[in-house]
Amino acid sequence: MIVAIDGPAGAGKSTVARRLAARLGFRYLDTGAMYRALTWLALEHGRSLDDGAALGALAREYPITFAQQDLVLIDAVDVTSAIRDSRIDKVVSSVARHPEVREVMRERQRELGSLGDVVIEGRDIGTVVAPGAEVKVFLNADEVERARRRIAERPGRAADALATDLRLRDERDAAQMQAADDAERIDTTALTIDEVVERIEELVRARQPA
Ligand code: DC
């Protein structure tokens with residue numbers, strides 16, 4: 001079974017998807033981490049972030065791998081913490097907007113998603129990567145709450161700069177982000193993580209054979 005979880009930054013996707021996958025015994029695939037890893041490599045190689053063809057070629061040459069569930073590797077380098085840097089937050093949307101990049105990433109995401117029961121988190125999972133997913137969820141939360149969560153996740157960084165980054169990223173990611181018509185929309189603003197996980201678990205159970 002595929003559980004697709006889409007939504008904007010700060011809606012709670014990563015925490016919810018991880019916990020849900022652990023509770024169900026499903027694998028977890030963080031597609032945002034893949035765009036972040038490619039962005040890290042492009043900066044490392046000094047590539048222009050405007051050159052979609054070159055970035056697509058880079059993505060094809062260096063497939064992203066995951067180890068022990070949570071480690072993200074590209075070109076055999078463990079980039080798990082480097083990809084959460086503010087320098088990546090600021091420019092990852094510029095890399096993710098290129099169709100050449102998205103084509104390679106989506107292929108790899110389908111490949112990684114075809115290995116068994118999985119929770120896949122991203123922006124275009126229910127619409128493009130896995131339109132046949134048995135369960136689709138679109139998480140959202142109000143802007144102030146999303147900024148508050150991002151600030152809590154990134155201690156030591158200026159709150160107003162984080163809120164601005166989030167707003168800019170929302171604008172840039174908008175093209176990629178649409179809820180699938182058959183997605184269950186959940187507003188997480190006033191919900192705990194466990195409440196969100198439980199709601200999705202109910203949807204999963206309803207789709208599982210008795
Ligand atoms: O979820 P995240 O913040 O780690 O995602 C990083 C960036 O990658 C985000 O700005 C949008 C992009 N992204 C995307 O375009 N499509 C996806 N399926 C996942 C992420």
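Counting convention: from 1, in listed order, for ligands and their atoms alike.
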Student: Looking at Asp173, which atoms of ligand 1 are within less than 4.0 Å of one of its heavy atoms?
Tutor: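 Answer, ordered by atom number: 9 (C), 10 (O), 11 (C).
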Student: Enumerate the atoms of ligand 1 whose separation from the nearest heavy atom of Ser93 is less than 4.0 angstrom.
Tutor: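 It comes down to these atoms of ligand 1: 10 (O).
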Student: Does the pair Glu153/Arg150 count as a salt bridge with the N-to-O cut at 4.0 Å?
Tutor: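 Arg150 and Glu153: salt-bridged.
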Student: Any donor and acceptor pair, going by atom type alone, linking the side chain of Asp85 with main-chain N or O of Arg87 inside 3.5 Å?
Tutor: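 Pair absent, no side-chain N/O of Asp85 close to backbone of Arg87.
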Student: Would you mind reporting whether Val204 and Met1 have side-chain heavy atoms less than 4.5 Å apart?
Tutor: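 Met1 vs Val204: side chains touch.
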Student: What atoms of ligand 1 come closer than 4.0 angstrom to any heavy atom of Asp124?
Tutor: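 Answer, ordered by atom number: 16 (N), 17 (C), 18 (N).
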Student: Between Ser94, Gly32, Gly122, flag the one that comes closest to atom 20 (C) of ligand 1 by a heavy atom.
Tutor: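 Among Ser94, Gly32, Gly122, the closest heavy atom to atom 20 (C) of ligand 1 comes from Gly32.
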Student: Take every heavy atom of Arg102, measure it against each atom of ligand 1, and state whether any distance is under 4.0 Å.
Tutor: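 Under 4.0 Å: yes for Arg102.
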Student: Verify the distance criterion only: is there a donor paired with an acceptor across the side chains of Thr192 and Asp194 at less than 3.5 Å?
Tutor: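 The answer is no; no qualifying pair exists.
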Student: More than 12 heavy atoms of other residues, nucleotides or ligands under 6.0 Å from CD of Gln178: yes or no?
Tutor: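 Result for CD/Gln178: open.
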Student: Exactly one of Glu195, Arg146, Arg149 should register a side chain to side chain donor-acceptor pair (under 3.5 Å) with Thr188. Which one does?
Tutor: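 So, applying the side chain to side chain donor-acceptor pair (under 3.5 Å) to Thr188 and each of Glu195, Arg146, Arg149, only Arg149 qualifies.
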Student: Flag the pair Asp6 and Lys13 as a salt bridge only when some basic side-chain nitrogen lies within less than 4.0 angstrom of an acidic carboxylate oxygen.
Tutor: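 No, no charged N to carboxylate O under 4.0 Å.
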Student: Taking atom 2 (P) of ligand 1 as the point of reference, which of Arg123, Lys90, Arg84 owns the nearest heavy atom?
Tutor: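 Answer by nearest heavy atom: Arg123.
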Student: Taking only heavy atoms of Val92 into account, list the atoms of ligand 1 that are under 4.0 Å away from them.
Tutor: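 Every atom of ligand 1 under 4.0 Å from some heavy atom of Val92: 7 (C), 8 (O), 10 (O).
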Student: For atom 8 (O) of ligand 1, what's the nearest protein heavy atom and its distance?
Tutor: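 Residue, atom and distance for the closest contact: Tyr35 CB, 3.6 Å.
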Student: Regarding Ser14 and Glu121, do their side chains bring together a donor and an acceptor under 3.5 Å, going by distance alone?
Tutor: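 Present: a donor and an acceptor within the cut-off.
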Student: How close does the nearest protein non-hydrogen atom get to atom 19 (C) of ligand 1, and which residue and atom is it?
Tutor: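 For atom 19 (C) of ligand 1, the nearest protein heavy atom comes out as Thr31 OG1, 3.4 Å.
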Student: Which of the numbered atoms in ligand 1 are under 4.0 angstrom from any heavy atom belonging to Ala96?
Tutor: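 It comes down to these atoms of ligand 1: 12 (C), 15 (O).
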Student: Have a look at Lys13, Gln109, Arg36 and point out the one with the heavy atom closest to atom 4 (O) of ligand 1.
Tutor: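 Selected option, by shortest heavy-atom distance: Arg36.
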